[in-house]
Amino acid sequence: MIALSVNLNKIALIRNSREGNFPDVEAHGRVCLDAGAQGITVHPRPDQRHIRPGDVRALAALCRERQDVEFNIEGNPFAAHMGDYPGLVELALENQPDQCTLVPDSNDQLTSDHGFNLKLDGPRLVPQIVKLKNAGIRVSLFMEPDLEQISLAKDIGADRIELYTGPYAEAAAKQNPEVDSIFATHCAAAEHALQLGLGINAGHDLNLVNLPRYRTLPGLQEVSIGHALTVDAIGMGLENAVKAYLDCLAGN
């Protein structure tokens, strides 16, 4: 079964547009898990534009209450401490998620839009990976479907990769014929990762339209979906949206 990890960043973004705690991020996380989601993802950033350190702590506690539920913290391991944001690795070590997904996004990026270049970043990542793995946290790296880069991910100690699906989603939305070759490249990358013994996650702009095909990716274990699921929840309700994505992943 492919696990659905619901990214709650957009719920936090709506909350942060007003004073107070409405909508309540933890409560919405509970709805997602009650509806059958197998995990919760958060991507805290130093500017705290959406998920805040307090949300990370609350959601970590929520996930610990449940059996067979995973908590995934993702973000840039090199982002500096800012205010009460202690840094991604420090936040992960404090809250002990099941998985920490390392992403090469800068503070001024609107969203994650590329994978690591491990020829440049690999040596800097190694100490961070060691810290996380020594704490029993599974490490995933946000990657392009590049075979050489995926081999380097294995070499520096990653447990999984998360394939960046933005170009696939864009081509699918535009009904661009290139979507076939893009998906074939992702399949080749997944096969290569499997041969290396790496686990496979995927995420970025996956939705109910493009997910039925992407779910057939060889060895796919987990998808992290936030923006599209949150938008769908406006029309169909959060519980129904989670169930729709679960049905999609199951091939129903």
Side-chain angles (χ1 to χ4, degrees), residues 1-45 48-75 84-86 88 90-101 103 111-112 135-138 140 160 162 201-208 211 215 221-250 252:
M1 177 176 21
I2 302 167
L4 171 64
S5 187
V6 179
N7 187 317
L8 295 173
N9 279 23
K10 289 301 166 64
I11 302 297
L13 183 68
I14 296 170
R15 178 203 58 198
N16 293 356
S17 67
R18 294 287 188 273
E19 296 292 333
N21 189 38
F22 182 72
D24 185 309
V25 175
E26 180 186 358
H28 281 70
R30 193 176 298 275
V31 171
C32 293
L33 297 180
D34 287 345
Q38 292 91 358
I40 295 293
T41 289
V42 291
H43 188 144
R45 288 180 165 88
Q48 301 188 43
R49 70 183 81 160
H50 34 59
I51 290 292
R52 299 166 176 164
D55 299 319
V56 176
R57 298 177 183 110
L59 291 166
L62 171 63
C63 290
R64 282 194 293 269
E65 294 175 3
R66 311 292 182 105
Q67 291 185 341
D68 302 321
V69 165
E70 290 201 346
F71 187 42
N72 173 46
I73 301 175
E74 63 182 28
D84 63 351
Y85 177 80
L88 181 80
E90 291 74 13
L91 202 54
L93 293 175
E94 175 192 348
N95 290 281
Q96 293 291 297
D98 301 277
Q99 177 175 270
C100 187
T101 301
V103 181
T111 185
S112 305
I137 300 169
R138 184 172 70 235
S140 179
R160 292 190 186 184
E162 179 176 330
N201 300 337
H204 199 84
D205 287 341
L206 293 173
N207 58 36
L208 291 171
L211 193 55
R215 66 171 291 278
Q221 292 169 272
E222 174 189 299
V223 293
S224 175
I225 303 178
H227 181 83
L229 193 151
T230 305
V231 172
D232 287 331
I234 295 172
M236 65 177 69
L238 182 57
E239 180 179 354
N240 290 334
V242 170
K243 290 180 177 179
Y245 277 85
L246 290 169
D247 284 344
C248 187
L249 287 168
N252 298 332

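Just so it is clear, the model here is predicted, and its values are computed rather than measured.
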Asks: Mind checking the CZ-CZ spacing from R30 to R66? Nearest 0.5 Å is all I need.
Replies: 5.5 Å
Asks: Side chains of V6 and Y245, heavy atoms from C-beta outward: is any pair under 4.5 Å?
Replies: no
Asks: Is the closest side-chain heavy-atom distance between S224 and N201 below 4.5 Å?
Replies: no
Asks: If you define the side chain from C-beta out and look only at heavy atoms, does anything of E162 sit under 4.5 Å from Q99?
Replies: no
Asks: Let me confirm one number: the CG-CG distance from D205 to L211, rounded to the nearest 0.5 Å.
Replies: 12.5 Å
Asks: Quiz question: by atom type and distance under 3.5 Å, do the side chains of T41 and N72 form a donor-acceptor pair?
Replies: yes
Asks: Minimum heavy-atom separation for H43 to N9, with atom names?
Replies: N-OD1, 3.0 Å
Asks: If we ignore hydrogens and angles and just use 3.5 Å, is the side chain of N240 paired with the main-chain N or O of M236 as donor and acceptor?
Replies: yes
Asks: Do E94 and V56 have side chains that get closer than 4.5 Å, going by heavy atoms?
Replies: no
Asks: Can you tell me how far NE2 of H28 sits from CD1 of I40, rounded to the nearest 0.5 angstrom?
Replies: 11.5 Å
Asks: As a test of understanding, state which of D68, L246, I2, L33 forms a side-chain contact (heavy atoms from CB on, under 4.5 Å) with Q38.
Replies: L246
Asks: More than 12 heavy atoms of other residues, nucleotides or ligands under 6.0 Å from CG of N252: is that the case?
Replies: yes
Asks: Supply the atom-to-atom distance H50 NE2 to L13 CG, rounded to the nearest 0.5 angstrom.
Replies: 7.0 Å
Asks: I'd like to check L8 versus C32 (side-chain heavy atoms, cut-off strictly below 4.5 Å). Are they in contact?
Replies: yes
Asks: Carefully, step by step, assess I225 and T230 under the rule side chain to side chain contact (heavy atoms under 4.5 Å, CB included).
Replies: CA-CA 9 Å; I225 303 178; T230 305; over 6 Å; no
Asks: How long is the span from the CG atom in L62 to the CD atom in E26, to the nearest 0.5 Å?
Replies: 5.5 Å
Asks: How about E65: does its CD atom have over 12 heavy atoms from other parts shown lying under 6.0 Å from it?
Replies: yes
Asks: Apply side chain to side chain donor-acceptor pair (under 3.5 Å) to the pair N16 and Q48, showing each step before the final yes or no.
Replies: CA-CA 9 Å; N16 293 356; Q48 301 188 43; over 6 Å; no
Asks: Can you tell me how far CZ of R45 sits from CD1 of I51, rounded to the nearest 0.5 angstrom?
Replies: 10.5 Å
